[in-house]
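The structure appears right after this line, and notes come after that.
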There are 2 protein chains.
Amino acid sequence: MSQSVDRALAVLPLLARGPAGLGEVADALAVHKSTALRLLRTLHAHGYVHRQPDGRYRLGARLFALAAEAVENLDVKEVAQPYLRDLARATGHTVHLALHQDDEVVYVDKVDSRYPVRLYSRIGRPVPLTVAAVAKVLLADLPEAERRALAARIDYPRWTARSTPDAEAFLRELELVRAQGWAADLGGHEESVNCVGAPVRGPDGRVVAALSVSAPAAVVTGEELLELLPLVRRTAEAVGRDYSGEGEEGP
Amino acid sequence: MSQSVDRALAVLPLLARGPAGLGEVADALAVHKSTALRLLRTLHAHGYVHRQPDGRYRLGARLFALAAEAVENLDVKEVAQPYLRDLARATGHTVHLALHQDDEVVYVDKVDSRYPVRLYSRIGRPVPLTVAAVAKVLLADLPEAERRALAARIDYPRWTARSTPDAEAFLRELELVRAQGWAADLGGHEESVNCVGAPVRGPDGRVVAALSVSAPAAVVTGEELLELLPLVRRTAEAVGRDYSGEGEEGP
DNA sequence: ACGGACGTTGCACACTGCGCAACGCACCTG
DNA sequence: CAGGTGCGTTGCGCAGTGTGCAACGTCCGT
């Protein structure tokens with residue numbers, strides 16, 4: 001749509017592969033050297049391109065700063081909201097979005113079920129680390145060393161007979177969650193509540209959030225809830241794609 | 001130098017602060033909406049800009065991918081080489097560049113002293129983790145949990161009386177190195193060799209490499225070597241700036 | 001049903017970005 | 001040391017490209 005901008009933007013992926021001189025850039029773009037020079041100068045003025053001591057060009061610090069700033073100012077909650085609503089409508093159950101921050105997992109958004117039976121969750125409230133599906137999804141993505149350190153640090157309250165009993169079992173459970181890419185809590189926190197969760201991944205592949213569908217056992221059995229798993233996972237992936245700025249359309 | 005490219009590039013920092021609609025972008029650039037639209041379309045075609053379901057624009061995945069690829073293909077060794085040479089010339093001693101990769105710290109570059117006495121290091125050879133200055137610099141930057149896990153995993157050979165004896169002492173030493181931003185090895189590996197090292201930081205502030213100056217005790221005492229510390233640290237910072245693509249000039 | 005805000009399209013003008021050719025400079029090479 | 005080659009840099013005249021304008025379409029909220 002805009003020739004010169006088009007060309008300038010094509011320079012960046014080129015330089016991402018490694019440093020290049022003016023001639024190389026001009027050749028790759030199939031333009032005259034003077035043209036390439038102007039483009040590089042403009043990019044340089046904005047800090048997107050860095051000139052090495054040897055005269056060759058590399059990507060500049062601005063690009064890293066931009067990417068970092070963009071991630072910082074990105075609100076998963078805002079991006080996820082429409083997806084959560086769709087998921088709640090499709091399943092008819094309560095949907096949660098949770099984040100992990102300094103040794104706690106907290107709900108940051110929630111769409112209530114249309115059934116009269118409500119759950120006890122509250123936005124902003126910490127989630128039981130050892131049993132909740134979202135907590136397991138979020139913690140499973142930590143580096144192994146941090147996972148072990150955390151597992152040794154936390155308590156293991158026996159909410160129900162199905163609660164995770166100790167650090168060893170917890171780490172095994174996290175390993176499983178990590179491998180299969182989703183988590184379930186079938187009566188681990190309260191006997192009568194089932195829940196399945198899936199990870200939302202950011203641009204670098206790390207898990208940035210988790211979403212889950214919860215329902216009282218009186219309404220759906222564990223097996224029935226697990227049938228929703230593909231939908232839950234697809235939704236989580238869609239949120240991740242949107243959050244990362246991939247693809248085209250929304251929900 | 002190039003008006004349209006100039007304007008297009010000015011869009012990115014704008015969007016990094018958060019999503020914006022067409023009108024906002026046009027206003028910020030002080031151009032007509034149609035002009036802003038063309039620029040955004042071009043940026044979108046290249047994937048640098050993502051269109052949200054609500055029609056507003058955000059930075060796109062391409063930017064993150066670029067930043068990641070650039071970091072991947074960046075060779076610290078190549079960037080550091082001229083700095084290492086300068087440092088070796090200025091001090092007259094042996095200079096090393098080391099990286100940390102899966103439980104090992106290895107020398108990836110070396111500039112020999114001009115003194116006849118040489119050291120036993122070799123490029124590509126693993127460095128003793130518990131004593132070498134570069135190892136301490138690199139490991140001190142790990143997250144606390146990984147540091148603890150690693151400290152528990154490795155051996156503590158008693159090369160000399162000054163060698164780090166156990167995990168507890170090692171962790172204390174790493175904490176010190178982390179706080180002060182440099183490390184020393186005064187006869188910890190071999191009685192007769194002293195060494196000071198400093199971290200090279202990447203665009204995200206994480207330590208990506210370490211460089212050090214080593215000299216036989218017969219040539220310089222520990223105190224004399226420590227006088228070189230400011231120079232070593234400044235050099236490491238300069239490498240980091242260049243590596244991150246900041247500032248303008250080389251060594 | 002109406003008004004406003006927002007994104008989108010087509011068009012004609014002129015300014016901007018283009019390629020060309022010549023220059024300056026550093027580095028080899030005979 | 002003269003000649004040659006590869007690099008980045010500069011000035012210039014032409015036209016192609018990007019521009020602002022005005023009008024249209026569409027989706028809101030009132």
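Chain naming here is simple, since letters A, B, ... match the order of the sequence lines and numbering starts at 1 in each.
- A/Gly55 comes within 4.0 angstrom of nothing in the nucleic acid, heavy atoms only.
- Rounded to a whole Å, the CG atom of B/Asp54 is 19 Å from the P atom of C/dA5.
- Here the straight-line distance linking atom NE2 of B/His50 with atom CG of B/Leu43 works out to 14.0 Å at 0.5 Å rounding.
- Here D/dG16 presents its P atom at 18 Å from CG of A/Asp6, a figure rounded to the nearest Å.
- Within the 4.5 Å cutoff, the side chain of A/Asn194 has no heavy atoms near those of the A/Asp185 side chain.
- Both A/Ser2 and A/Tyr57 lie close to DNA chain D; mapped to their nearest nucleotides by heavy-atom distance, the more 5′-ward contact belongs to A/Tyr57.
- Taking atom CG of A/Asp27 as the reference point, atom C1' of D/dC7 lies 12 Å away to the nearest angstrom.
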- Kindly indicate, with the supporting measurements, whether the criterion salt bridge (charged side-chain N to carboxylate O under 4.0 Å, His left out) is fulfilled by A/Glu78 and B/Arg56. CA-CA 13 Å; A/Glu78 189 179 349; B/Arg56 295 189 303 167; 2.9 Å; yes

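- Applying the 4.0 Å criterion to OP1 and OP2 of D/dT17, one finds that B/Ser4 has every side-chain N and O outside that range.
- Among C/dT16, C/dA21, D/dG8, the nucleotide with an atom closest to any side-chain atom of A/Leu22 is D/dG8.
- Put simply, CZ on A/Arg38 is 12 Å from P on D/dG11, counting in whole angstrom units.
- Contact check for B/His96 versus B/Thr94: side-chain heavy atoms found under the 4.5 Å cut-off.
- In this structure, NE2 of B/His32 is placed 10 Å from C1' of D/dT19, rounded to the nearest angstrom.
- Mapping B/Leu39 and B/Lys33 onto DNA chain D by nearest heavy atom places B/Leu39 at the nucleotide closer to the 5' end.
- At a threshold of 4.0 angstrom between heavy atoms, the contacts of A/Arg7 are confined to the sugar-phosphate backbone, with no base atom among them.
- Among the heavy atoms of the strands lying under 4.0 Å from A/Ser34 is at least one base atom, whether or not backbone atoms are also near.
- Nucleotide D/dG18 holds its P atom 15 Å from the CG atom of B/Leu40, rounded to whole Å.
- Rounded to whole Å, the distance from CG on B/Leu37 to P on D/dG20 is 13 Å.
- Atom CD of B/Glu24 is separated from atom P of C/dG7 by 8 Å (rounded to the nearest Å).
- By the 4.5 Å heavy-atom criterion applied to side chains, A/Val232 and A/Trp182 are not counted as neighbours.
- Within the 4.0 Å cut-off from OP1 or OP2 of D/dT10, at least one side-chain nitrogen or oxygen of A/Arg41 is found.
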